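When reading the values below, keep in mind they use all heavy atoms of this one structure, side chains included, and skip hydrogens, waters and symmetry mates. Only a predicted model underlies this, so the values are computations on that prediction, with no experimental measurement involved.
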Amino acid sequence: MATSPSHADSPPTSTQHANGMSEPIDAKMTDGASNKVHPINATDDAATTAVITLPSKEDSSPDAKLLDDSSPDKKPGNAPKGRGGKPTGPKVSIPSLFRFATSFDFLLLGLGLAGSAARGALQPMVSLLLGGIISGIIAFTPTQGNTVVTPEVQKARDDFRDQINYNVIWYCIFAAISVVAGYVQSAALTISAERQLKTIREEYFKSILRQDIGWFDDNMTGDLTSRLQSDTGLVKSGIGEKLGNVFQAIAQFFTGIIIAYVRGWKMALVLTALLPLNIITLQLMGRFLGAAVAQQQTWLAKASAVAQQVFSGVRTVHSFSGFEKSRLRYEQMLAEAAKYGNRVGFTTGIGLGTVFLFMFTMQGVGYYFAATLIYNREYDGGQAVNVFFAMLMAIFALSSVGSDISQVAISQGAAYKIWQTVDRVSPIDSWSEDGKKPDSVKGDIVFTDVSFFYKSRPGQVILNKFSLSIPAGSKVALVGESGSGKSTIVKLVMQFYNPTEGSVTLDGTELKSLNVQWLRRQMGIVGQEPALFDGSIRANVLMGIPDLSKFSATELEQKVLRAIKMANADFVLNLPAGLDTMVGERGAMLSGGQKQRIAIARAVIGDPKILLFDEATSALDTASEKVVQRAIDKASENRTSITVAHRLSTIKNADMIVVMSHGEIVEKGSHDELVSKAGPYARLVEAQKLKESEEAASEDEEEDRFVEIEEEVLAEAEANGEPNGAIPLTESRHPSSRINITDKKHSSKHSVGDEKGSNARIASTTRIVSAKAIAEKRTSSSRIAMDQKLTSKVDIAKALEAAEKEEEEMKKTEREKYADQPIPWGEIARIAWPSWPAMLVGSIGSLAAGAIQPVMSILLSGMLGAFALQGDAIINEARFYCIMYFVLGVGQLIIFGSYIGAWGVAGEQFTLRLRSLFFYSLVKQEIAYFDDPRNNVGALTAKLADDATQVKGLFNDVLSAGLQIVGTLVAGLTIAFIHGWKFTLVVLAVVPIFVAAFVVQARTQTFFGRASRVETIETNKIANEAISQIRTVAMLTKEKLFWDRYCHDLIPPFQKSVKGAITSSFAAGASAGIQFLFLAFAWWYGGTLVYNLEYTGQQLQQCLFAMLFTAMSLGRATSFAPSLSKAQVAAGAVFAVLHRTPSINATSTSGASPPASGEANARDVHFTYPFRNSFPVLRGVNIEAKAGQTVALVGPSGSGKSSTIGLIERFYDVSSGTLTVDGTSVSDWNLLALRSRMALVGQEPVLFDGTISENIAYGLPDGAVVSQELVEAAARQANAYAFVSKLKDGFETQVGESGALLSGGQKQRIAIARALVRNPKFLLLDEATSALDSESEKVVQAALDDARQGRTTIVIAHRLSSIQNADRIYVINAGLVEEFGTHSQLMERKGLYWELAVQQSLGAGGAK
């Protein structure tokens, strides 16, 4: 019989365990703490990082490979090799996971791991109590047959009751310790992990922002945002909850070993002999898991990149009905990821099955050896049970830790690429303080023998020995065909790239030696495709000022107003919210011309020393372009400016014009010099029909005077503190000068009393010199002054506070949307059903795996009963049970290998289908859905990456565990009721306590998980915006601004997670202690039944062990509380989208498909964008396009031309009026049929990452046969064949994300080819040739003219030369058709069209 001294030995045993563990683990932690930010430590054998149960020599091997920027292992797909030459999966060492931990984080980590160790140590210490109880039962068993209660029998009964009571008290003490340890473990580890997760995300995002632009050519936005959102979450799992579970298992393992050796070293030694097999198995499992998981994450990141590009170009996807193509491409990436996911499942299953085989074999051998020791009277039954259960707990720790070790290994693999980016030293680092910062800048720029090629396109020379000297203060223009290297020159000056050969100097100092941030702050740049950021117009313009803190709010407001005026962007003042108008994601709420003017204002507001303009006015109407160009010329005075232009009218006044071809200078000189040479430049001029008429010159003078007067008035308004730049243009203020300007030229046509014309031009975004324009200015300015009441002293802090409140309201609405939504099990089952064979195998295996635990209780109680036998009987019984344990182990191998593997396959297939459905449901939503600020690209990609994974956990982990629990309950309760219904029924009554703890923990974590999830997704929006527009961020040197915003937005979800951890950990602690209270109650009640002679000792053992294993399975359900809570919230978000029917359903099979007539008509069409209800875009437009006609829409930027095209495509529904195509209202059409008859070429062409051939073929309808002949024919029509064929890889050349590896003109030609390959009935061209050089435009225009034959064409153009042969031209201004007719009719009418034509030098002589 075990006595109290045996229990007194427990504390020393625990202390020995703690001391034994502290040395290797602390040594590794100290290594991590001493050098938090050290390079990745990837050993040759990498297996040791998968299992941290035992330290390995290789961890500190001097041959361990340190990754640096030059390491070949950094290349994508180039995984480190093991000794056998097979990829082992790159991952970081475990100490490296904590590289960003602070001292406080380590303190929390220490507390959490101490709690884990305490909980782990308590499990094998129960064997001491169990040994005492079993000894008491064995001692009491011989007296149970006596019907007469003698003093000896009574004493045995009293001793038995004392033994039971003694152990019950210790169980209660263990319960109290577990409650405290469980709380500390859960709270401390979660808070530590959340703190580190926040830091990891901050540092990773900072590292991304610090990279050179060339790095982004190879790293897609979706890939990076996926790692920022999902992979960092995987790292968090490995440094928090899962690490605590591993450490708990380690403590349980070593405590069990120590107790076993102290209580009976001989038996412990035999049982230990099989341990190395388990360790080797787990190491191999971790090794293979690391490799598979790394590959899986890589393909998932690629899938995320595809999704990001599709969401960014969703209008292109809708216009070409590319839903199926996008889905198939996305599924291709997911299918590759699923292959490696299947490997993870089978590897885990076979690995854990093998561990259980060894474990059960060891149990059988252990029991047999124990029987021989009892037979030889070396041990008693209680001692044997004590040793055996201590070793059993140790082995259980190894077997149960497999999934947690896998998660830690996954964390190591996920951290590898994150750490890789963090450790990468960017060759061009805008955050670095290194480099010279001269006190002043003259502006002398010299290119000397510069050669350059993009690393993503090696061998394709962009610049070839390019040399050019640009004197300070001079205006230099670069012209030439698309792809000749013009934009590359600008990128080199901005130091986006360094020259491959040669040098670029500023004031005699090579750019490489200058501080990058200082250099870029000396420059203002407007790119060909201007990028705006989600926010107000004011905020976007202010981004052009490097340091806002140097100016007061009043000064900033005046700077904004002056920049807006200089950029001819005073259309802003006519908007209802003025400068506070939100531009939407990527400026989607503004037209192309409006965006470009905002970008120009942003470029000039900072008063830079050097100005760079890359097609800065390509999206502007002619009137705006001339005014803006004049402002640019004025701003360029005494500054060095480099302009890339295709419209030669904008650069004819340049000091030097450089004509480029194939990366070399063909000729250079002034406009007059080059025209007189009759060379390439002269041919370009001729192609554009550039004429200098006296009339145009006169117009220039008048407009100059107009601008000067406006500047004077603006200055006066600023001095008087006029609100929001609203200048009250009363008759008393310069009346004569204004009216005289008008009277000189337009008195007959545009008098002040022309009421009809005045109404038509209200809110005009151009400033044509006329009395009507003056009247407009007076009207709109007065209205803004009265209605908006905004002063120039803008309180920016209040504006930010208001914006944050609005954003918080949006988040609150989002949280309420998912509140308390039930888990849609029916929908989950429907999606999972195609995998029913794998699910059937997995379900049967789960039930069997659950049933094995209670079945094992039969063997255990039978074996313990055998210990009470004498002589040969005990050996015979032991031999039988030894064989049975081996059979059970083989069964475990088969069951685990099959059911975990089957669930792995089913889970991957389910996730693939769910992600695909989720993606498809998102992309087919109406365009207005994507205009909603809550549905920005960053948020959608984050949901797609994160939510589907969480729902997979709901389907896979929770469902399989649930079936295991069912198997355990059925088998356990059946066995327990058979052997003792009374005991089983009473003990079963306390089971609801387990359930209550689980429910409380799950609900708490659901509440906080729901809140933090929405906040976290919002942070991804900022990251996506910054990364997807990194070139704009870099040129504005606003990396730190976006990083600060990102860090600021990480705080709310972090605080909610911490609060949730503190609260939910109470339930975690309670659930940890309940199992000991359960045992205390079970032994007390069972002991009472034995004491009263109602049950025998063996009967009690059979019932109690069956119930114990059942209760353990139920308790294990609490470990799924975090997964279940997160999955429930994610499932609500996913299925909300799956069930949502788009208001404009682009994939519906219903709707009309009338015969093709080629007619389109708009009747009194009014339109307002859904998220700009207060600002009407179209106010009664009437347009008629007859079959086969070419109809042109012209007019100022922002007048509603592109909106008209969008309505024809039915991106939106009209607010009122009717819009018909082929005689049928577009709202009644089948959208697939409608769009199949159309092809759209947008102003900012969107290409998708892939080859040129793939992008052109994207225009073909689904099911069409793609042939190279079709692709090449379309390329020839678009004048793209010549440049494509010269590329190294021809049509297989990769275009990069959003076509970043091609020039603007090249992208536009590919987009035109994509439209033409479709052979549409309606050709919709929205500034389709705006980015082309004159020669290309002429050829492409001729091709488009040919393409128009037999089809209806609706074209938007600012270059009137491209549409003067149109059958009908509609002049749209401020949402109304001001006039229409042919070119000659409109020229004769001398209205707005005539004004635009005159400014383009297409006078009467040009009319046809």
Side-chain angles (χ1 to χ4, degrees), residues 40 46 49-50 52 89-94 96-101 189-190 192-205 222-246 286 289-304 337 340-341 343-345 347-348 402-422 904 907-908 911 915 941-953 956-957 1009 1012-1013 1016-1017 1019-1020 1023 1050 1053 1057 1122-1123 1126-1127 1130:
I40 303 166
T49 58
I52 64 173
K91 54 187 177 182
V92 304
S93 63
I94 287 176
S96 292
L97 287 174
F98 299 93
R99 63 182 296 174
F100 295 113
L189 288 179
T190 302
S192 173
E194 288 290 347
R195 284 170 54 86
Q196 291 176 72
L197 172 65
K198 179 175 175 289
T199 305
I200 289 169
R201 283 178 169 161
E202 290 172 348
E203 293 300 319
Y204 183 43
F205 186 50
D223 190 337
L224 297 175
T225 54
S226 173
R227 295 194 187 285
L228 188 61
Q229 181 70 19
S230 300
D231 289 14
T232 53
L234 292 175
V235 175
K236 171 205 162 188
S237 181
I239 60 178
E241 173 194 357
K242 302 302 181 183
L243 183 65
N245 293 344
V246 171
L289 280 177
V293 167
Q295 291 291 340
Q296 185 183 27
Q297 291 302 314
T298 297
W299 283 105
L300 287 176
K302 290 181 179 180
S304 185
Y340 293 99
R343 294 183 191 179
V344 170
T347 300
T348 304
S403 60
D404 294 311
I405 285 179
S406 298
Q407 187 58 57
V408 174
I410 289 171
S411 300
Q412 292 174 266
Y416 178 81
K417 286 201 172 182
I418 297 174
W419 275 212
Q420 194 178 47
T421 302
V422 171
E908 291 298 330
T911 310
R915 271 203 174 106
T941 51
K943 289 178 181 179
L944 196 60
D946 216 23
D947 289 1
T949 302
Q950 295 292 348
V951 180
K952 174 196 173 184
N956 209 19
D957 301 335
S1012 63
R1013 173 191 171 280
T1016 303
I1017 285 176
T1019 63
N1020 209 53
L1050 280 177
S1057 296
S1123 302
K1126 293 176 184 176

Looking at [atom1] of [X] and [atom2] of [Y], how far apart are the two atoms once the value is rounded to the nearest 0.5 Å?
X      : Y      : atom1 : atom2 : value
Leu189 : Glu241 : CG    : CD    : 9.0 Å
Leu97  : Gln412 : CG    : CD    : 5.5 Å
Arg99  : Ile239 : CZ    : CD1   : 12.5 Å

Any side-chain heavy atom of [X] within less than 4.5 Å of one from [Y]?
X      : Y      : answer
Asp231 : Tyr204 : no
Tyr340 : Leu300 : no
Val235 : Phe100 : no
Thr298 : Lys417 : yes

Problem set entry | Non-neighbouring partners of Ile410 that pass side chain to side chain contact (heavy atoms under 4.5 Å, CB included), sequence neighbours left out |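 Residues passing side chain to side chain contact (heavy atoms under 4.5 Å, CB included) with Ile410: Leu234, Val293, Gln407.
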
Looking only at non-hydrogen atoms, find the nearest pair between [X] and [Y] and report the distance.
X      : Y       : value
Leu228 : Ala1023 : CD2-CB, 3.3 Å
Gly238 : Leu243  : O-CB, 3.3 Å
Gly240 : Ala193  : CA-CB, 3.8 Å
Ser411 : Ser237  : OG-C, 4.1 Å

Problem set entry | side chain to side chain donor-acceptor pair (under 3.5 Å) involving Thr199 - partner list, sequence neighbours excluded | none

Exercise. Who passes side chain to side chain donor-acceptor pair (under 3.5 Å) against Glu908, sequence neighbours left out?
Worked result: Gln296, Lys952

Exercise. Can you name the residues that form a salt bridge (Lys or Arg N to Asp or Glu O under 4.0 Å) with Arg915, not counting sequence neighbours?
Worked result: none

Problem set entry | All salt bridge (Lys or Arg N to Asp or Glu O under 4.0 Å) counterparts of Arg195, not counting sequence neighbours |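 Once residues adjacent in sequence are excluded, the partners of Arg195 under the salt bridge (Lys or Arg N to Asp or Glu O under 4.0 Å) criterion are Asp105.
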
Exercise. Do Ser192 and Gln196 have side-chain N/O donor and acceptor atoms under 3.5 Å apart?
Worked result: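 Per modelled atom types, Ser192 and Gln196 side chains form a pair under 3.5 Å.
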
For this session: Report the residue from Lys198, Arg227, Arg201 that forms a side-chain hydrogen bond (donor to acceptor under 3.5 Å, both in side chains) with Thr232.
Result: Arg201

Problem set entry | For Phe205, all residues meeting ring-ring contact (aromatic ring centres under 6.0 Å, His included), sequence neighbours excluded |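 ring-ring contact (aromatic ring centres under 6.0 Å, His included) list for Phe205, sorted by chain: Tyr1046.
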
